[in-house]
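Here, residue 1 is the first one in the sequence, and each next residue gets the next number.
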Amino acid sequence: MSKVQFRNIDLNLLIPLKALLHERNVTRAAERIHLSQSAMSRALDRLRSELGDELLVRVGRKYELTPRGSELLDELAQVMPRLARLWAGETFSPAQSEGHIRLAMNDYATSVVLAPLAEICGRLAPGITLEAVPWHERFHEESGLVTTHLILSPLSVPSTFRVEPLFKDIFVCVLGRKLKHPKTSLTMKDYLSFRHISVETQSNQQSLIDRSLGEAGFQRRLAVHLPYFLAAIRMLETTDLALTIPARIAAPVAALHDLVSLKAPKEIPPIRYSMVWHPRFESDPLHMWLRETVRQIFRPAPPL
């Protein structure tokens, strides 16, 4: 069917057509869809003319469907619900969904978000595949953001993107096994006396910690620069170095390796993460489910 022919179809006739074929009676069909009998009769005349078929023929005291009428009734039973879903939008079902979700995150955000998200997807949406790609400060300027579903960013982004605050975390200083510190807290003087490991997930980029210290007029002594958290953590087992990392990962690290951890000085402010997405995903059912799932990960559990 050509576009010109399709444009000439009056879709308003579909409802009277279905009623007529189902009821096989003009009066009952009119009552079914709240039309007058005369209006339904006119609709039947138009349908016969448009379709080139009688649709309903009298057999004795009642009407029966023509072969074309029977075929149309069967087709309408499938087409009408599809049209309704097309107009209203499909109801999203995680269990039946198949898709690929691409997320941009740094090493820390990946360790905090990806494990619980993968568990939820495996339980509720096993057909969904997760892919994590490295985040960097200028990620939002790349065209890849159009195909990346969600970014977890500790920095502000342009107002053209959708942004929702997600969680915050404080920084903790984990001490290497050979670093002895007699106090149960850290002053800035204590902190600056240590030699530090700097985890820099972006090449030649000043870390958030060093930026904050610089803005406050301080500079720490950096002994090792690394791009990986895991290597930095292993280094603490045999050195007198200090590693400043967010509390969400510091607590399990310190417990697992039997290391001392202390709250970082107040001059190092909390880190705040937001989820960021391109406006094209705003009303996408899969993306809406993804955003709500990520929110649930960080939503406080209800009191018992």
Side-chain angles (χ1 to χ4, degrees), residues 85-94 97-118 120-121 124-125 127-171 198-216 227 229 245-249 268-300:
R85 289 195 299 270
L86 179 65
W87 191 257
E90 283 281 358
T91 300
F92 178 73
S93 171
S97 178
E98 294 186 1
H100 186 91
I101 293 176
R102 189 169 184 254
L103 308 107
M105 299 180 285
N106 61 17
D107 198 1
Y108 162 64
T110 300
S111 66
V112 171
V113 176
L114 204 57
L117 182 58
I120 293 171
C121 286
L124 301 180
I128 290 177
T129 302
L130 300 175
E131 176 192 6
V133 299
W135 170 89
H136 54 80
E137 292 188 21
R138 304 180 71 87
F139 194 92
H140 60 270
E141 298 178 9
E142 298 183 354
S143 59
L145 182 54
V146 178
T147 58
T148 300
H149 293 85
L150 210 60
I151 295 174
L152 264 69
S153 173
L155 302 176
S156 60
V157 297
S159 59
T160 51
F161 300 100
R162 302 290 189 266
V163 181
E164 182 178 325
L166 199 57
F167 68 94
K168 73 175 183 177
D169 202 353
I170 63 170
F171 280 103
S198 175
V199 178
E200 300 171 359
T201 56
Q202 302 173 64
S203 177
N204 300 317
Q205 291 290 327
Q206 192 179 32
S207 74
L208 293 175
I209 298 165
D210 292 302
R211 286 186 202 176
S212 298
L213 289 173
E215 290 170 359
F229 271 109
I245 52 178
R248 288 177 185 267
I249 55 175
I268 302 177
I271 187 171
R272 289 175 169 82
Y273 270 81
S274 297
M275 55 180 176
V276 181
W277 64 94
H278 194 279
R280 69 184 289 263
F281 294 117
E282 182 69 20
S283 300
D284 178 71
L286 172 60
H287 201 277
M288 294 171 69
W289 178 82
L290 170 64
R291 298 197 304 266
E292 180 56 27
T293 301
V294 173
R295 288 186 199 105
Q296 291 288 347
I297 292 173
F298 297 100
R299 191 167 290 160

Verdict with supporting geometry, I128 and L286, side chain to side chain contact (heavy atoms under 4.5 Å, CB included):
CA-CA 10 Å; I128 290 177; L286 172 60; 3.5 Å; yes
Go through H278 and F161 one step at a time and tell me if the side chain to side chain contact (heavy atoms under 4.5 Å, CB included) criterion holds.
CA-CA 5 Å; H278 194 279; F161 300 100; 3.9 Å; yes
Apply side chain to side chain contact (heavy atoms under 4.5 Å, CB included) to the pair F298 and V113, showing each step before the final yes or no.
CA-CA 9 Å; F298 297 100; V113 176; 3.6 Å; yes
If you apply the rule side chain to side chain contact (heavy atoms under 4.5 Å, CB included), what do you find for F229 with N106, and how did you get there?
CA-CA 10 Å; F229 271 109; N106 61 17; over 6 Å; no
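Rounding to the nearest 0.5 angstrom, the gap separating the CD atom in E131 from the CZ atom in R102 is 5.5 Å. To the nearest 0.5 Å, the span separating CG on L152 from OH on Y108 amounts to 9.5 Å. Here the CE-CG distance, from M275 to L103, works out to 11.0 Å after rounding to the nearest 0.5 Å. From L130, atom CG reaches atom SG of C121 across 4.5 Å, with rounding to the nearest 0.5 Å. To the nearest 0.5 Å, the span separating CH2 on W135 from CG on D107 amounts to 12.5 Å. Distance check: L213 CG to S207 OG gives 8.0 Å after rounding to the nearest 0.5 Å.
Within a 6.0 Å sphere centred on CD of E98, other residues, nucleotides and ligands contribute 12 heavy atoms or fewer.
Here the closest heavy-atom approach between residue P279 and residue T160 is recorded as CG-O, 3.2 Å. Nearest heavy-atom pair across A104 and T148 is N-CG2, 3.9 Å.
A side-chain contact (heavy atoms from CB on, under 4.5 Å) with T293 is found for exactly one of L117, I101, L124, namely L117.
For E282, the side chain to side chain donor-acceptor pair (under 3.5 Å) partners are R162, W277, not counting sequence neighbours. Residues meeting the salt bridge (charged side-chain N to carboxylate O under 4.0 Å, His left out) test with R291, sequence neighbours left out: none.
Within the 4.5 Å cutoff, no side-chain heavy atoms of F171 are placed close to those of P270. Two residues are said to be in side-chain contact when any heavy atoms from C-beta on lie closer than 4.5 Å; L155 and L208 meet this criterion.
Panel note: side chain H149, backbone H287; no donor-acceptor pair is recorded below 3.5 Å. No side-chain donor-acceptor contact under 3.5 Å links S97 to the backbone of S93.
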